[in-house]
Amino acid sequence: MLDNISIVLINTTHPGNIGAAARAMKTMGLSRLVLVEPLEFPSGKAFALASGADDLLANAKVVGTLEEAVADCHFVVGTSARVRGVSLPLVDPRACASQILGEAGAGQIALVFGREDRGMTNEELQMCHLQVHVPTNPDFSSLNLGAAVQVMAYELRMAWLAVTRGELPLPIPRSHDLASQEDVERFYEHLYKTLVQIGFLEHSSHEKIMAKLRRMYGRIRPDRVELNILRGILSETGKCAEKADQAEKSESAQKT
Ligand code: SAH
């Protein structure tokens, strides 16, 4: 189960934090590290702080975007100390750990951490199903990146130990054909294009409406077949809009 969980670090500035994250992961039995455009990697400083978790660094997958990092995942969890305007369902690390383990029984999961200086952007959080907030001192809420990974990795281990001892019943994983984040992103692109085409989205309101639609579909979590049905509806809607557009054009051409 722990093998299906990837820890994703976005644009990490200090390579020492990558090493500290690798150490935190290995001590808790996690092994999949994904780095989105790290500033400096590979780096001696990362290996120094990894303190023996060198294999995790050597096997770390380095990618260019968060989309790429989570493409094969069916459940994505973001971490942030800050609650956003269009906020996701918010959970603490303990509640989140058992949910992640339940999901990990059915496929790949990503747990995403932000940059040291400014965390995760709103757009990045909108790629997630859940936001985890470590309930820190509200007057000083931001943990060091390595420490944040450690807290989450510890809770995942505790939940996993409880599962192996039969003390924590996990939610039954959804058995039907789960959609990957790549499928879901393609659906959002199609939805956006169609909503612009039919004139529903005006420039000023794009961002908020799309964030709310993403949150709604993230709550529903359509499977692959359901996504295909939705995309079929979008394609037909697009065709109707095109026909109406052409009819309007030829009508105005006849008038002139
Ligand atoms: N200044 C940044 C914090 C960056 S700390 C901000 O305002 O968002 C680096 C990363 O550690 C964060 O992006 C997040 O992934 C994690 N983190 C730090 N404190 C956290 C907290 N209290 N709850 C959840 N994640 C936290």
Side-chain angles (χ1 to χ4, degrees), residues 5-28 30 32-41 43 45-46 49-50 53 56-57 60-70 73 75-101 103 108-159 181 207 211 215 218:
I5 303 169
S6 294
I7 299 294
V8 180
L9 308 183
I10 305 175
N11 293 159
T12 310
T13 312
H14 301 291
N17 281 334
I18 299 176
R23 181 178 185 176
M25 288 169 63
K26 191 164 179 178
T27 50
M28 298 296 138
L30 293 165
R32 294 166 73 108
L33 178 60
V34 182
L35 306 171
V36 180
E37 277 211 321
L39 192 74
E40 193 186 326
F41 188 82
S43 150
K45 288 177 214 147
L49 269 286
L56 265 74
L57 294 181
K61 190 167 147 196
V62 180
V63 296
T65 60
L66 180 60
E67 285 92 329
E68 241 182 287
V70 301
C73 297
F75 193 64
V76 182
V77 178
T79 57
S80 178
R82 288 178 288 127
V83 177
R84 313 297 166 104
V86 182
S87 63
L88 290 172
L90 204 62
V91 284
D92 69 25
R94 199 151 296 172
C96 176
S98 48
Q99 195 167 346
I100 289 181
L101 282 190
E103 296 285 348
Q108 297 298 317
I109 311 299
L111 179 56
V112 185
F113 294 82
R115 303 150 186 84
E116 290 95 331
D117 57 346
R118 53 193 182 93
M120 291 179 70
T121 63
N122 289 341
E123 291 70 31
E124 286 160 353
L125 263 180
Q126 282 160 22
M127 279 181 216
C128 304
H129 294 94
L130 274 186
Q131 177 181 340
V132 188
H133 172 250
V134 182
T136 39
N137 173 2
D139 299 328
F140 195 70
S141 61
S142 178
L143 291 159
N144 161 266
L145 175 59
V149 173
Q150 185 73 77
V151 169
M152 288 308 305
Y154 170 73
E155 289 296 345
L156 285 167
R157 181 152 195 90
M158 290 302 282
Q181 198 57 27
E207 250 176 54
R215 183 174 62 181

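Indexing begins at 1, ligand by ligand and atom by atom, following the structure's order.
For Asn11 (side chain) and Glu37 (main-chain N/O), a donor-acceptor pair under 3.5 Å exists by modelled atom type. Proximity of a side-chain donor or acceptor of Ser98 to a complementary backbone N or O of Ala95 within less than 3.5 Å is detected. Formation of a donor-acceptor pair under 3.5 Å by the Ser43 side chain with backbone atoms of Lys45 is found in this model.
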In a simple table, one pair per line, please give the protein and ligand 1 atom names for every N or O pair closer than 3.5 Å, along with the distance.
unit_1   : atom_1 : unit_2 : atom_2 : d
ligand 1 : 1 (N)  : Asp117 : O      : 3.3
ligand 1 : 7 (O)  : Arg82  : NE     : 2.9
ligand 1 : 8 (O)  : Arg82  : NE     : 3.3
ligand 1 : 8 (O)  : Arg82  : NH2    : 3.3
ligand 1 : 13 (O) : Gly114 : N      : 3.1
ligand 1 : 15 (O) : Thr79  : O      : 3.3
ligand 1 : 15 (O) : Thr79  : OG1    : 2.6
ligand 1 : 15 (O) : Gly114 : N      : 3.0
ligand 1 : 19 (N) : Leu143 : N      : 2.9
ligand 1 : 22 (N) : Val134 : O      : 3.2
ligand 1 : 22 (N) : Thr136 : OG1    : 3.4
ligand 1 : 22 (N) : Ser141 : O      : 3.0
ligand 1 : 23 (N) : Val134 : N      : 2.8

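At a threshold of 4.0 Å, the pair Glu124-Arg115 counts as salt-bridged, since one of the basic side-chain nitrogens sits closer than that to a carboxylate oxygen.
When Leu66, Val77, Leu9 are each tested for a side chain to side chain contact (heavy atoms under 4.5 Å, CB included) with Val112, only one passes: Leu66.
For CZ of Arg157, the number of neighbouring non-hydrogen atoms (other residues, nucleotides, ligands) closer than 6.0 Å is greater than 12.
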